[in-house]
Amino acid sequence: MFRGLLSLIAYVPLAGALAILFFPKEKTKAIAWFATAVAGIDFLISLPLFFQWDTSLAGFDETTLERYEWIPSIGVQYIFGLDGISVLFVLLTTLLGVIAAVSSWSAITERVKEYYIFLLALQTGMLGVFMSLDFFLFYVFWEVMLVPMYFLIGIWGGKNKLYAAIKFFLYTLFGSVLMLLGILAVYFYYGSTAGVYTFDITLLHNLGQDPAFFELSRWVFWAFFIGFAIKVPMFPFHTWLPDAHTEAPTAGSVILAGVLLKMGTYGFVRFNLPMLPEATKLYAPYVLALSVIGIIYGAMVAMVQRDWKKLVAYSSVSHLGFCMLGVFALNVNGINGGILQMINHGLSTGALFLIVGIVYERRHTREISEYGGLSKQMPVFATIFMIITMASIGLPALNGFIGEFTILAGAFQIPPEVAVSFLGITLGGKFWAICGVTGIVLGAAYMLWLYQRTMFGGLDNPENQKMSDCNTREILYLAPLVAACFWIGLYPRPFFAILERPVAKLVQQLGGEQEGVALGAGVGHGVGGLGAAADVPVPGDDEQGAGASR
Amino acid sequence: MSDFLWLIPIFPAIGFLVNGLAGRRISKRAVSAVACGVVLVSFVLSCAAVVQLATMPSDGRYMENRVAPWVPAVEDGGGAPGLAIDWLFVLDPLSAVMILIVTGVGSLIHIYSVGYMWEEAGYWRYFAYLNLFMAMMLTLVLGGSLAVMFVGWEGVGLCSYLLIGFFYWKQDCADAGRKAFITNRIGDLAFVIGALTLFASFGTLEFRGILSAVVAGQGSVFLLTAVALCLFVGACGKSAQIPLYVWLPDAMAGPTPVSALIHAATMVTAGVYMVCRLAPLYMQAPLALTIIAIVGCATAIFAATIGLAQNDIKKVLAYSTVSQLGYMFLAAGVGAFGAAIFHLMTHAFFKALLFLGSGAVIHALHHEQDMMKMGGLRKLLPVTYAVFLCGWVAIAGVPLTAGFFSKDEILWRTFLFSPVMWGIAAFTALLTAFYMTRLMGLTFWGKSRMDHHTEAHVHEVPGVMKWPLMILAGLALVGGFLSIPAALGGSAMPFTLERWLEPVFEPGTYATAAGGHAAIGEHAAAAGDAASAAHEAAAATPHGSPHGEEHSLALEYGLMAFSSVLAIFVLWWGYGLYDRMPQKLAAWKARFASVHEVLANKYWVDELYDALVIQNFYRLCRAALAFDVRVVDGVVHMVRNVTVGTSYLSVFWDTWVVDGLVNLLAKVVRVASRGLRRFQTGVPQSYATVMVFGLFVLICVYMYLS
Amino acid sequence: MPIPVNHLLSFSLVLFIIGMIGVLTRRNAIIVLMGIELMLNAANVNFVAFSRMHGDLAGQIFAVFNIVIAAGEVAVGLAIIIALYRNKDTINVDEISIMKG
């Protein structure tokens, strides 16, 4: 791990994309191999980040932090850095990148050169988002990421590809613009109070401890919220997702579900929670309400889908509702579980889209009713599909359980004051958790129903009787995901070790948790602002004066 | 040994991996050897562990094996405590009984399956799943925390799903498997709510931790009652009580040994086990116990009535299982946890026996399951008939059989709690005896109703299936002697199950202040605040403590005699009815035709669920989809239409106003020039004329001005 | 008795007007030139009248200048008319409107 590693990881795909420009467009096989090799190399050089990560760190890793002046006149720097939370996302991105590249070999036959260029460019964009610690740079990469995805959907997509691509682009852009407003508000506020105008996120995080920021932070919270909620996607901003997923090519869906959706939740964890803690605590009930609606609503709509990919798309809405429930539980269980579940979702839903892709390549239809009884014809595929289904519904010994159970543990620790009042009824505390738990039943319902309709029963349709089982390449790219599911399910310790301290620090910054004993950070901690109000804000202490803001 | 507890579930897991990955390529003999071998190894290890446990003093029988952390403890940042789950296996008298039942009966069923499934496709897959089931069940039973137990809980649900749907190409098997999984999951929903509420209140999911906290008086009665009920709903799902029992009869679509193992002896008893494991918690919530007793009692009689009118041999046994599970919960509900476990054990023996026996019949008749097409098999299948007789008398509760001792204990304790419930339970016992007799009658007695082809091919079971049947028959007959009640001289026996299990249900065992037995009064004094008053009141209710208090021996003997006589009478009368007077039966059936209709259609509960719950749920889902497409997406489309509309406005403005101004300018110039152009005639004289005219004007002006 | 200035001036004015009307209304270009001559000569008479009135010879000298200029101008004018006639075959000013805008 050396300084410059992060830029290397981020720009290797871009370099690969530029190199592909020089390939003649007929040599599709060479292009595919080359692109896969580039993605593979990127994955390999990102592995040291995981295996050599210093788990005692609560903040950003100094050995890889890069900081250069970019546009000093407005305070823009080029800052690339990781902490425990973002390092897991970087690894997820590189892993899914190489898997997406491998899976595209047989799926993409036209305009192969442009396809791989866009795919690699997209990789750079996504890695940049997770790595950048300067708001300007972050926004640049955020926008950069949209364009290749738009093209991937719009050129290599299904029947309704243009509608889906434009909807995806404009909807997300709308959110990004609001996010930009928030960024600028923060920038100007910080500049006017601290004297130096900067986009540096590590400095702007300090605004979370500034009591005078509270008024503005409420607006900024909602500005950021819209931007990230569209990406997550949260109800009711989710309607771009089914169209985008169904029309995108398989690898596009995998990357979209696996990585792009995580950016929304990552944004919440990286910006809303540390920078706007008071607003977060104030508005948490509403966000929890939307998350819980997302869990149940997403699952219900998934139950009655006839299109296989749309079903998986709506299941993503449901799963990410769980992640948001965890994050906004605002305690270590919830946030640890939420982040881990984001990784899990990337793995298992990515695998689900690959599975749909395998079947789609053979039959070119996504109608569930066209299938049935495939277990007999494709036993290896059936086994993998069963494992991934079980991971998705949270069976213990697989990754989904760890994430879900930890999230629910956190949700059950939400204090009763975190509530919404609705026509005289106050719903709060354990209510969120109980609604969330119903997600496990609904999840099982639609996934098993899907599995039964496609894999069980008689092999009636003559078209299905000619389908071939998974070939070696397909097994090769599904295997890492299956292995990862078991790894996280049985031995989640390394992941929790990486997440532990940054999340604890985050919870501390949020301050004043309701249950449990305060970790000796001073008398100012605790419910209801007990104890003397500190005159000088101590880092991590944001309960100024009496009256909890919950 | 305590460091090796984890080996007990691991061996079947290894069997699963071997058979799952390589089973397709190795011979059937190898598959059978691996599968049965690992379970037998587990059985031996279990015996060794229990023996070691028995050598420990009776108030300290506890072995703990904390293998490794699973979900690690995390820093809590000053907030609520983090979730930490370890792979914790615990052996105490209760789990000792369970692992012996699971591995013992499990091994017998594995051996039986070798014969039963030999001709089936996917032989290796069956044994792989069965081994996985054993591993998961053992994890459930040995688990030292609600979390590890939940791993096993869900795991057995998965295996049940896979095994019920073993013949996955058949639609009804697939449907049954899915129904089982989802109904179980509904129960799991409540289980998770209960478990995590406990976590939120006590900070731990481990049994020792929770029970110590409960016994020490933490947690309000309201909280504990709510948690107890949530966990019980979870148990209802797993152990098929009202209203979540509907999956069990459908589960009979799976292979018969699976029905025997999973749906009779082991998985369905997980709920009972869980309630008994948390007995001290339930003792603090007497309302919950009362509800459990009521539900158990209701389920027992309800299922028994349905069993009276079923024609499929396995369905009769399935409803019988539901009914017997009701008995177990009734026992737990009245505070007789030891009796519940005892009945669990005897039930495992005779129900597994009955299922395996029915498997033998089905196998002999080439997969005919309709009893209306059987009859007179007494002579054709002597061994099967003999073992069936053992099971029959055991389940009916003929004195000295296993069923007698356990059922009587339950009936006695129920009488102490509520004579009304005793009445219902006794009536249910009568019904049990009757429908089992009916089963015997339709299958073995009377004249044959089989068609000639089937009859010609009837053959007795092969040896590999015979021995497990005989061992189980023996256990069904003598297994009861493991726990002779005090009234019949149990105190003199060196071993009774009741005494063995006592420490587990005794709250004092978990008191952190003092170890060992603590009388009820002492425990109340130790708590010493307002909460303890409630707890004391709870302890003083009829649920009492697990060990029975002073009672009238005469009453006990009287009840025992009453139920025995009743049982024997029903058996004898039923024998007469079914063997020699089938026409009387037909007359009866005609007279009670409408009642029979209701029972045969199982009170149309499935149809009710479908109409009330499932169809409405689908309607709601479709409404949600319509909402999503039309309203939510409609808003997005509306935004798009508004944007496009305003852009038309913009186009209009641009073309007509902005561009219009530019064009207007040009027009003005054009019009003006057309006018002005007329001055340019090309004729110099007109120019001169204008000049003169202008000069004239200038002179006038000059003259005017000066 | 000397002629009063007014008579001379009015005579000059009348002559001028006659010349102007000729210039403005006649179609034949030569007649236009004659009209111009008349105007110039009217201006001459005006000069002489004022010279006599003021007793200053400057006016008469200027009148001599004017006659020279008129002569030169007639020469050039006639040359233009001849060139025009050669190109357009007419000296009717109404028909020569190439500069019509």
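Any value given below was found using the heavy atoms of this structure, including those in side chains, with hydrogens, waters and symmetry copies removed. Order of the sequence lines fixes the chain letters, A, B, ..., with proteins taken first and strands second; residue numbering starts at 1 for each chain.
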Compile the donor-acceptor pairs under 3.5 Å between side chains in residues 185-196 of chain B and protein atoms, sequence neighbours left out, one pair per line.
from: B:Arg185; atom 1: NE; to: B:Glu154; atom 2: OE1; distance (Å): 3.3
from: B:Arg185; atom 1: NH1; to: A:Ile393; atom 2: O; distance (Å): 2.9
from: B:Arg185; atom 1: NH1; to: A:Ile440; atom 2: O; distance (Å): 3.0
from: B:Arg185; atom 1: NH2; to: A:Ile393; atom 2: O; distance (Å): 3.2
from: B:Arg185; atom 1: NH2; to: B:Glu154; atom 2: OE1; distance (Å): 2.5
from: B:Asp188; atom 1: OD1; to: B:Trp153; atom 2: NE1; distance (Å): 2.6

Polar side-chain atom of C:Ser51 near backbone of C:Phe47 as donor-acceptor pair, under 3.5 Å: no
Count the heavy atoms belonging to other residues, nucleotides or ligands that lie under 6.0 Å from [atom1] of [X], then report whether that count exceeds 12.
| X | atom1 | result |
| --- | --- | --- |
| C:Met99 | CE | no |
| B:Trp604 | CH2 | yes |
| C:Phe62 | CZ | no |

Any side-chain heavy-atom pair of B:Thr197 and B:Cys230 under 4.5 Å: no
Contacts with chain C made by residues 678-694 of chain B (heavy-atom distance under 4.5 Å), listed by residue number: B:Gln680, B:Thr681, B:Gly682, B:Val683, B:Gln685, B:Tyr687, B:Ala688, B:Thr689, B:Val692
Interface residues of residues 612-649 of chain B facing chain C - non-hydrogen atoms under 4.5 Å apart: none
C:Leu8 to C:Val45 - nearest heavy-atom pair and separation: O-CG1, 4.0 Å
Over all atoms of both residues, closest heavy-atom pair of B:Gly82 and B:Val74: CA-CG2, 4.0 Å
Could you list the donor-acceptor pairs under 3.5 angstrom formed between side-chain atoms of residues 12-36 of chain C and any protein atom two or more places apart in sequence or on another chain?
from: C:Ser12; atom 1: OG; to: C:Ala42; atom 2: O; distance (Å): 3.0
from: C:Thr25; atom 1: OG1; to: C:Ile21; atom 2: O; distance (Å): 2.5
from: C:Asn28; atom 1: OD1; to: C:Ile30; atom 2: N; distance (Å): 3.1

